[in-house]
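Inspection log for the structure reproduced underneath, given as structure tokens.
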Amino acid sequence: GDSVTQMEGPVTLSEEAFLTINCTYTATGYPSLFWYVQYPGEGLQLLLKATKADDKGSNKGFEATYRKETTSFHLEKGSVQVSDSAVYFCALSDPGTGGSYIPTFGRGTSLIVHP
Amino acid sequence: ETGVTQTPRHLVMGMTNKKSLKCEQHLGHNAMYWYKQSAKKPLELMFVYSLEERVENNSVPSRFSPECPNSSHLFLHLHTLQPEDSALYLCASSQSTDSYGYTFGSGTRLTVV
């Protein structure tokens, strides 16, 4: 079945550092890919998405590129802020060929940014 | 009020208690979901409702009983829970089960003692 693998956390960075959170996936069809963010005490919010190969999703300075050849969707940000401290979830939806729109989530990666 | 609202935010219950979690959305969505979020584990989809009908039940123990009286409200009734049921329970909604846009509530932090 479909699955999403994220790097283990926590990721601890200083403010203004470069961020990469790795995400790879396994899917039978041609999934859409997502990054969700969960701030402390809140639910998940959609951060960005990409629906086909080579698409780049971007929002709030974060970006991720759908790489079909490496089945990856790594999250990057050039300069993180303390307010970016949260848990980040990679997810996919694979509705084609009898699949489902309901997303499959990774385990989440905690990001801690120090001043 | 907009978005997805969950109450209570925190709940502590004994193993013999009966309690209910409530979820409410005013987005006009037709699909609603219950998820369980435990530390260091992937989000677990528990139940899916579409137009008030349960369309998915992912092998959830019968001590969890969902109810969807209308498309705006979703409940999770709890009874005789175990300590391992302690987790964050998240409600989400989407336009339909055939759409991508999910909106999550802030969750109910449940502790079973």
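Chain A is the first sequence line, chain B the second, and so forth, proteins listed ahead of strands; every chain is numbered from 1. The model shown is predicted, which means the values in this text are computed figures rather than measured ones.
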Heavy atoms, side chains only, cut-off 4.5 Å: are Tyr100(B) and Pro95(A) in contact? yes

Are Tyr35(B) and Met32(B) linked, directly or through other ILVMFWY residues, by side chains that come within less than 4.5 angstrom of each other? no

Who are the side-chain hydrogen bond (donor to acceptor under 3.5 Å, both in side chains) partners of Gln37(B), not counting sequence neighbours? Gln38(A)

If you compare all heavy atoms of Leu44(A) against all heavy atoms of Phe104(B), which two are closest, and at what distance to 0.1 Å? O-CB, 3.3 Å

Scanning both residues in full, the closest heavy-atom pair of Pro42(B) with Phe105(A) reads CB-O, 3.9 Å

Ser99(B), part contacting chain A, at a heavy-atom distance under 4.5 Å: backbone

Pairs where residues 51-62 of chain A contributes a residue and the test salt bridge (charged side-chain N to carboxylate O under 4.0 Å, His left out) is met, not counting sequence neighbours: Lys52(A)-Asp55(A), Lys56(A)-Glu63(A)

Counting heavy-atom pairs closer than 4.5 Å to chain B, which one of Pro103(A), Gly108(A), Gly106(A), Ser32(A) comes out on top? Pro103(A)

What option among Gly9(A), Gly41(A), Ser110(A) has the most heavy-atom pairs under 4.5 Å with chain B? Gly41(A)

List the atom of Tyr101(A), the atom of Thr97(B), and the distance in Å for their closest heavy-atom pair. CB-O, 3.3 Å

Aromatic ring proximity Tyr36(A)/Tyr102(B), centre distance under 6.0 Å: no

Listed by number, the residues in residues 85-93 of chain B that come under 4.5 Å of chain A (heavy atom to heavy atom) are Leu88(B), Leu90(B)

When hydrophobic residues are tied together by side-chain contacts of less than 4.5 Å, even through go-betweens, does Val60(B) share a cluster with Leu11(B)? yes

Given heavy-atom pairs under 4.5 angstrom as the criterion, report whether the side chain, backbone, both or neither of Leu46(A) touches chain B. neither

Rounded to the nearest 0.5 Å, what separates atom OG1 in Thr103(B) from atom CD in Gln45(A)? 10.0 Å

Applying salt bridge (charged side-chain N to carboxylate O under 4.0 Å, His left out), which residue pairs with at least one partner in residues 103-113 of chain B are found, sequence neighbours left out? none

